[in-house]
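Comments concern the structure below.
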2 protein chains.
Amino acid sequence: MKTDTLPTRDRLIRAAADLFRRRGYHGVGMAELLEAAQAPKGSLYHHFPNGKSDLALAAASWASDGMTAVIDASFAEATDFPDGVRTLCHKVAKFFDLSGQAEGCPITATLLDGPENAEFRQHAAGLMANWVDTTTAHGVRLGLSEAEARSASEHMLLLLQGGWTVARSQANSDVLRSLPDRLTLPH
Amino acid sequence: MKTDTLPTRDRLIRAAADLFRRRGYHGVGMAELLEAAQAPKGSLYHHFPNGKSDLALAAASWASDGMTAVIDASFAEATDFPDGVRTLCHKVAKFFDLSGQAEGCPITATLLDGPENAEFRQHAAGLMANWVDTTTAHGVRLGLSEAEARSASEHMLLLLQGGWTVARSQANSDVLRSLPDRLTLPH
DNA sequence: ACAGTTTTAGACCGATTGGTCTAGCCCTGC
DNA sequence: GCAGGGCTAGACCAATCGGTCTAAAACTGT
């Protein structure tokens with residue numbers, strides 16, 4: 001799926017993030033994953049001794065960082081909080097379209113579909129908390145009170161979570177673009 | 001998982017709905033499923049000639065009907081729309097707790113995690129549209145305009161979708177109970 | 001040039017996957 | 001009481017699952 005000039009470890013993470021996001025943890029087999037990453041089995045178990053589960057944790061973290069970067073980029077150019085929300089939702093919608101209307105939330109698809117495992121669950125919760133914290137910080141920077149900013153951030157990310165799901169079922173990104181209008185935005 | 005006085009077909013559907021909802025389509029194997037339903041393999045392929053996928057479609061429809069019934073029950077006793085939303089979210093939260101904080105949205109866990117299949121996707125979209133229609137009807141009955149009711153219903157179900165996901169990652173139903181406060185409710 | 005480490009390569013493994021198929025049980029209507 | 005369908009029972013299957021392991025290639029510092 002990507003430039004094969006990248007080190008094997010990174011190719012594995014990227015391929016895993018992409019595939020898990022589309023089909024979920026259990027929906028992706030090692031053969032398919034290694035084929036996509038253009039890597040042999042030995043490399044995977046060298047870089048990720050615990051195999052699939054290690055890789056899933058790493059892939060979720062990597063994808064989550066990507067999302068955090070998109071949040072930062074959206075709010076960096078924003079004049080106020082609602083403006084940032086608008087930009088973010090449209091960016092997410094665009095990525096969704098580029099993926100062929102297949103990708104859901106990178107965290108939940110990878111980790112919550114996985115083994116009924118406390119570690120996975122907590123990792124997912126931690127990453128999602130990061131998103132809230134990041135967004136809240138932007139809200140505060142743009143003049144909101146801490147409480148206002150946190151509440152609005154939580155509300156937006158809940159909608160985004162739902163939006164990803166609904167968009168996937170409809171194979172249509174319109175829901176995602178409609179999200180900003182549904183929020184009563186503090187500014 | 002349930003009274004074994006039920007006909008085999010129903011036991012299969014119930015077991016499938018429960019398991020898929022917890023671990024997703026690919027996360028559940030036939031052996032486990034048959035064990036839970038206390039049914040032999042032959043019965044499954046008699047009642048559902050296409051096997052797992054047929055069963056998943058039936059299970060999702062059954063679970064979706066259950067949810068529709070909960071929606072109806074919540075709004076039936078409601079004096080206005082916001083009241084119905086409140087009741088519904090609390091009921092969902094209670095079910096979530098009873099399931100051991102494990103169950104997500106019955107539709108998406110069963111169908112969107114499944115094979116990258118147009119039939120599954122469309123079935124999921126159809127069932128979710130039913131929820132919106134049902135809720136919208138209650139809104140209109142309680143005095144809202146069609147447009148108001150539909151918009152509010154969509155917003156609530158998006159939050160519910162997100163709430164299910166977040167609640168699962170946190171193993172805590174508080175998010176679900178907080179949803180009514182996040183909606184700016186028409187009444 | 002050589003030794004030592006890191007990374008690649010893929011044959012191989014037992015377990016489990018979803019699915020097929022043949023027998024026969026069981027319940028119905030006669 | 002017996003004939004015929006609906007349903008159950010589970011042995012059986014090829015394919016795939018995630019994972020282990022040995023051997024050598026590739027890169028490192030000296």
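Chain letters run A, B, ... following the sequence lines, proteins first and then strands; every chain starts at 1. Hydrogens, waters and symmetry mates play no part in the numbers below; they use all other heavy atoms, side chains included.
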(request) Among dT8(D), dG18(D), dT8(C), find the nucleotide with the atom closest to the side chain of H47(A). (result) dT8(C)
(message) I'd like to know if the side chain of K41(B) reaches the main chain of M30(B), judged simply by a donor and an acceptor atom lying under 3.5 Å from each other, with no hydrogens or angles considered.
(response) no
(request) Go through dT8(C), dG19(C), dC7(D) for me and flag the one nearest to the T8(A) side chain. (result) dT8(C)
(request) Compare every heavy atom of E116(B) with every heavy atom of A102(A), then report the nearest pair and how far apart it is. (result) CB-OE2, 4.1 Å
(request) Starting at CE of M67(A), measure out to CG of L157(A) and round the result to the nearest 0.5 Å. (result) 6.5 Å
Protein-nucleotides 9-12 of chain D N/O pairs closer than 3.5 Å?
from, atom 1, to, atom 2, distance (Å)
dG10(D), O6, G42(B), N, 3.2

(request) Specify the separation, in whole Å, of atom NE2 of H46(A) and atom C1' of dG10(C). (result) 16 Å
(message) Looking only at the side chains, is there a donor atom on one of R168(B) and T165(B) sitting less than 3.5 Å from an acceptor on the other?
(response) no
(message) Within a 6.0 Å radius of atom CZ on F95(A), are there more than 12 heavy atoms belonging to other residues, nucleotides or ligands?
(response) no
(message) I need the CZ-C1' distance between F48(A) and dT8(C), as an integer number of Å.
(response) 15 Å
(request) Figure out the CE/C1' separation between M30(B) and dG19(C), and round it to whole Å. (result) 8 Å
(request) Under 4.0 Å from any atom of DNA chain C, heavy atoms only: list the residues of residues 52-63 of chain B that qualify, in numerical order. (result) K52(B)
(request) Tell me which nucleotide among dG18(D), dT17(C), dC7(D) gets nearest to the side chain of A31(B). (result) dT17(C)
(message) Can a donor-acceptor pair be found, under 3.5 Å and without considering hydrogens, that links the side chain of D113(B) to the backbone of Y25(B)?
(response) yes
(request) Round to the nearest Å and state the distance from H26(B) atom NE2 to dG18(D) atom C1'. (result) 16 Å
(request) State plainly whether one hydrophobic cluster holds both F120(B) and L112(B), where clusters connect Ile, Leu, Val, Met, Phe, Trp and Tyr through side-chain heavy atoms under 4.5 angstrom apart. (result) no
(request) Measure the distance from CG on L44(A) to P on dT6(C) and round it to the nearest whole Å. (result) 18 Å
(request) Compute the bend angle of the helix from dA1(C)-dT30(D) to dC30(C)-dG1(D) from the end axes (five pairs per end), rounded to 10°. (result) 20°
(message) Looking only at side-chain N and O atoms, does R11(A) offer a donor or acceptor that is under 3.5 Å from a partner on T8(A)?
(response) yes
(request) Send over the distance from L34(B) CG to dT20(C) P, rounded to a whole Å. (result) 14 Å
(message) Would the distance check show the side chain of T134(A) and the main-chain N or O of N130(A) forming a donor-acceptor pair, the cut-off being under 3.5 Å?
(response) yes
(message) Whether D18(A) and R22(A) form a salt bridge (side-chain N of Lys/Arg under 4.0 Å from carboxylate O of Asp/Glu) is what I want to check.
(response) yes
(request) Mind calculating the distance between CD (E35(B)) and P (dG18(C)) to the nearest angstrom? (result) 15 Å
(message) What is the distance, to the nearest angstrom, from the CZ atom on R9(A) to the C1' atom on dT8(C)?
(response) 16 Å
(message) For the backbone of A63(B) and the side chain of R21(B), can you confirm whether one donor and one acceptor N or O come within less than 3.5 Å of each other?
(response) no
